[in-house]
Every structure is written in C-alpha cells, then in structure tokens.
J.: 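Structure incoming, see below.
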2 protein chains.
Amino acid sequence: MSRGHMDVTVQADNPACPVSEVLDRVAGKWAIGILVAAAKGPVRFSELERGIEGISRRMLTLNLRKLEREGLLVRTVYPTVPPRVEYECTEMALELYETLLSLVDWAKRHSGDIARAHAVYDAAHSPTAPA
Amino acid sequence: MSRGHMDVTVQADNPACPVSEVLDRVAGKWAIGILVAAAKGPVRFSELERGIEGISRRMLTLNLRKLEREGLLVRTVYPTVPPRVEYECTEMALELYETLLSLVDWAKRHSGDIARAHAVYDAAHSPTAPA
DNA sequence: CGGTATCCAGCCAGATACTG
DNA sequence: CAGTATCTGGCTGGATACCG
C-alpha cells in the first residue's frame with residue numbers, strides 16, 4: 001500500500017457497522033446498569049427503580065422494553081394482586097456481559113494512558129495554551 | 001441467595017460504570033467508523049469526509065477531537081500549503097478495535113436469536129396482537 | 001405494583017457560510 | 001485543505017399525573 005489514497009469508505013459491509021449495531025443495543029445511560037442488576041437473578045420493576053440511582057420510571061420502562069425486544073431480558077408477569085413483574089437476563093445477555101468484561105479489562109489496562117491523553121489534550125487546548 | 005431482595009444498587013463501584021465509560025468513548029454514530037477507517041493507516045481529513053458516507057464536516061471534526069482527546073487518534077499537521085492533516089490510530093486504539101471484534105463475534109453468534117426476539121416481540125405488540 | 005400518557009427542557013446532530 | 005461559527009430542528013431523557 002502506498003499509504004495515501006486508500007479506500008476508507010464505510011458501508012454496510014464494513015466491520016464498523018456490526019460493532020455499532022451491538023453497541024447501540026447496550027448504549028445509553030441505563031442499559032448496562034439494568035443488565036448488571038438483572039444478571040444477579042430475576043428482579044422486580046420497583047427493585048430496579050429503587051436500585052438504579054437517578055433513573056426515571058419512563059426511562060426504566062423504555063430500556064426494559066428495548067432490552068426485552070433485543071432478547072436480552074425476559075419479562076414475566078405473575079397475575080397476582082398486587083401485580084408482580086420480574087425481569088431476568090437471558091443466556092445470551094449473560095454471554096454478552098462476559099464479553100463486555102473484556103472492554104473493562106481494556107479500560108483498566110489503559111486508564112493511565114487515557115488520563116494522560118486527556119491531560120495532554122486539555123493542556124494543549126487550554127486558554128493559556130502555548131502557540 | 002433467596003432470590004428476591006438482593007441489592008441491585010448501581011453505583012460507581014459497580015461493574016456497570018467502567019463498561020459505560022469505555023462504551024461512551026466509542027459510542028455515537030461515527031466514532032467506530034472513523035476508528036476503522038484510520039486503522040488501515042494515516043488518513044487525511046478530506047479522505048474521511050469523503051469516505052464516511054453521510055457525515056457532516058462538523059460531526060467529523062467533533063469526533064476526531066474527541067478521539068484525539070481519548071488518546072485513540074494522533075493528529076499530525078504538516079505545515080505545507082495547502083495544509084495537510086493526518087489522523088492515525090494509536091496502539092491503544094488498535095487494541096481496542098481487537099476487543100470490539102469479540103463483540104462482533106457475539107453479535108454474529110446471536111444474530112439469529114436477536115432477529116427472532118425482535119419478531120416475537122413485535123408480533124406480540126403489534127396492533128393485531130393476541131390477548 | 002407496574003406501568004402509560006403527556007409535557008417540556010436540553011443536548012445532539014445536520015446544513016451551511018465563513019476563515020486561516 | 002482543514003477546519004470554526006452559527007442557526008436550527010429533532011430526538012432523548014426527566015418529571016409527573018394518571019390508569020389497570
């Protein structure tokens with residue numbers, strides 16, 4: 001390769017897209033937290049609402065529906081009174097969680113580099129930056 | 001465990017947070033695409049602009065700055081005229097990319113399950129859904 | 001209890017004109 | 001060529017009232 005005029009077109013056949021897709025499934029402020037909470041075993045709606053600091057009822061519901069639709073959570077309604085609904089991770093979700101752990105590992109290994117990069121960048125772009 | 005009153009509180013010490021952090025670094029519509037494009041070797045601004053279908057100049061710049069700040073890209077300015085700027089993945093970014101591949105693998109292994117889950121969910125929640 | 005419906009603020013992202 | 005500045009619309013997400 002001549003290193004200068006390579007094709008960088010990003011399309012559906014590009015590795016980028018599957019990554020983005022799977023990322024989209026668990027992205028957002030709450031999805032991972034919910035998955036983690038549910039990974040320990042079946043959990044009730046109100047437990048999640050109380051346990052996940054700062055989440056609104058609406059966002060919890062929306063995220064639960066999304067994760068259920070993705071096949072990552074199973075929703076079980078017990079027709080008791082008062083109603084009881086439990087959410088449980090699927091096998092697939094647990095597997096995904098394991099995979100995400102490798103990302104955590106990456107983050108840990110490079111946390112120093114990242115912090116340093118931040119510092120360098122911020123210093124170079126601060127109001128009192130050098131020429 | 002009695003399976004019912006466990007602590008599902010999600011806080012800073014929870015595994016969820018590092019995951020979310022690293023995910024935030026590469027989330028968004030464009031970051032991955034840029035990383036992929038740059039993974040092949042140094043690439044110029046205009047090459048990225050042309051190569052990444054649909055990205056605006058502004059979003060490209062924003063993403064490049066973000067990735068540079070994270071230490072995932074290195075920006076090199078050649079003081080020629082006209083100006084020439086190249087972006088190159090860091091070692092760390094390449095490593096991250098390898099890790100992301102395991103997510104792709106997960107997605108591939110379960111693409112069938114996910115599609116099925118979607119179908120099931122959508123059928124169950126369609127206007128003409130059963131009781 | 002476990003949601004849904006509604007309203008609203010803020011941020012994100014697109015388009016585009018301008019600049020060094 | 002490689003950006004920055006500005007405007008603007010739309011989506012996301014928070015608060016809350018209501019419903020089965």
Side-chain angles (χ1 to χ4, degrees), chain A residues 4-5 8 10 20 23-34 37-38 42-69 73-88 121 124-127 129 131, chain B residues 4-5 8 10 20 23-34 37-38 42-69 73-88 121 124-127 129 131:
Chain A
H5 301 89
V8 292
V10 173
S20 293
L23 246 36
D24 282 347
R25 295 185 208 290
V26 292
K29 201 172 175 182
W30 308 109
I32 303 263
I34 293 173
V43 64
R44 298 182 62 171
F45 185 90
S46 49
E47 289 181 308
L48 288 168
E49 191 175 7
R50 280 192 306 274
I52 301 177
E53 203 74 13
I55 196 169
S56 69
R57 201 163 279 190
R58 175 183 141 85
M59 289 319 297
L60 179 55
T61 301
L62 276 140
N63 274 280
L64 288 172
R65 293 289 175 276
K66 182 182 175 191
L67 293 172
E68 187 195 354
R69 182 168 188 274
L73 286 182
V74 174
R75 178 173 180 267
T76 311
V77 181
Y78 300 94
T80 59
V81 44
R84 175 191 184 84
V85 180
E86 282 188 349
Y87 294 89
E88 186 171 18
Y121 184 94
H125 294 77
S126 73
Chain B
H5 301 89
V8 292
V10 173
S20 293
L23 247 36
D24 283 347
R25 297 186 206 290
V26 291
K29 200 173 175 181
W30 309 108
I32 303 263
I34 293 173
V43 64
R44 297 182 64 172
F45 185 89
S46 50
E47 288 181 307
L48 289 168
E49 191 176 7
R50 280 192 306 273
I52 302 176
E53 202 75 14
I55 195 168
S56 70
R57 203 162 278 188
R58 174 182 144 83
M59 289 319 297
L60 178 56
T61 302
L62 252 45
N63 275 278
L64 288 172
R65 293 289 175 274
K66 183 183 175 189
L67 293 172
E68 187 194 356
R69 183 169 186 273
L73 285 182
V74 174
R75 178 173 180 268
T76 310
V77 181
Y78 299 94
T80 58
V81 43
R84 175 192 184 84
V85 180
E86 282 187 350
Y87 294 89
E88 186 171 18
Y121 184 95
H125 294 77
S126 73

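Only this structure's heavy atoms are used, side chains among them; waters, hydrogens and symmetry mates stay out. A note on names: the letters A, B, ... follow the listed sequences, proteins ahead of strands, and every chain is numbered from 1.
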J.: Tell me the closest heavy-atom pair linking Ala37(A) and Leu48(A), and the distance in Å.
T.: CB-CD2, 3.7 Å
J.: Do Arg69(B) and Lys66(B) have side chains that get closer than 4.5 Å, going by heavy atoms?
T.: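 No - every pair of side-chain heavy atoms lies 4.5 Å or more apart.
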J.: Do Leu67(A) and Tyr87(A) have side chains that get closer than 4.5 Å, going by heavy atoms?
T.: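 Contact flag for Leu67(A)/Tyr87(A) side chains = no.
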J.: Whole angstrom is fine here: how far is it from CD in Glu49(B) over to P in dT16(C)?
T.: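 Between P of dT16(C) and CD of Glu49(B): 13 Å.
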J.: So do the side chains of Ile34(A) and Val43(A) get within less than 4.5 Å of each other, counting heavy atoms only?
T.: no
J.: Find the distance Ile52(A):CD1 to dG2(C):P and express it as a whole number of Å.
T.: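 Atom CD1 in Ile52(A) sits about 14 Å away from atom P in dG2(C).
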J.: Take the protein atom CD1 of Ile55(B) and the nucleotide atom P of dT16(C), then report the distance between them rounded to whole Å.
T.: 16 Å
J.: Scan Tyr87(A) against the nucleic acid and name what it touches under 4.0 Å (heavy atoms): base, sugar-phosphate only, or nothing.
T.: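 Sugar-phosphate only.
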J.: Is the shortest heavy-atom distance from the side chain of Met59(B) to the side chain of Asn63(B) under 4.5 Å?
T.: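 Contact flag for Met59(B)/Asn63(B) side chains = yes.
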J.: Below 4.0 angstrom from OP1 or OP2 of dG14(C), is there any side-chain N or O of Trp30(B)?
T.: yes
J.: Go through the structure and list residues passing side chain to side chain contact (heavy atoms under 4.5 Å, CB included) with Val77(B), not counting sequence neighbours.
T.: Arg75(B), Val85(B)
J.: Shoot me the first and last contacting nucleotide of DNA chain D against chain A, ordered 5' to 3', at under 4.0 angstrom to non-hydrogen atoms.
T.: dG13(D) to dG20(D)
J.: What is the bend of the helix from dC1(C)-dG20(D) to dG20(C)-dC1(D) when you compare the axis at one end with the axis at the other, using five pairs each and rounding to 10°?
T.: 40°
J.: Please find the pair of heavy atoms, one from Leu23(B) and one from Val26(A), that lie closest to each other, and give the distance.
T.: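 Looking at all heavy atoms of both residues, the closest pair is CD2-CG2, 4.0 Å.
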J.: So which one's nearest nucleotide on DNA chain D is more toward 5', Gly28(A) or Pro83(A)?
T.: Gly28(A)
J.: Could you tell me whether the phosphate oxygens of dG14(C), OP1 or OP2, come under 4.0 Å of any side-chain nitrogen or oxygen in Lys29(B)?
T.: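 It does, given that an N or O in the side chain of Lys29(B) lies less than 4.0 Å from OP1 or OP2 of dG14(C).
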J.: List the atom of Pro83(A), the atom of Arg44(A), and the distance in Å for their closest heavy-atom pair.
T.: O-NH2, 3.7 Å
J.: Pull out every residue in residues 57-69 of chain A that has a heavy atom closer than 4.0 Å to any atom of DNA chain D, ordered by number, or say none.
T.: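 When residues 57-69 of chain A is checked for heavy atoms under 4.0 Å from DNA chain D, the hits, listed by number, are Arg58(A), Met59(A).
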J.: In Å, rounded to the nearest 0.5 Å, how long is the span from CG of Leu60(B) to CZ of Arg50(B)?
T.: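 Going from the CG atom of Leu60(B) to the CZ atom of Arg50(B) covers 11.5 Å.
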J.: Just jot down the ring-ring contact (aromatic ring centres under 6.0 Å, His included) partners of Tyr121(A), sequence neighbours excluded, or say none.
T.: His125(A)
J.: Among residues at least two apart in sequence or on other chains, which ones pass side chain to side chain donor-acceptor pair (under 3.5 Å) with Arg58(A)?
T.: none
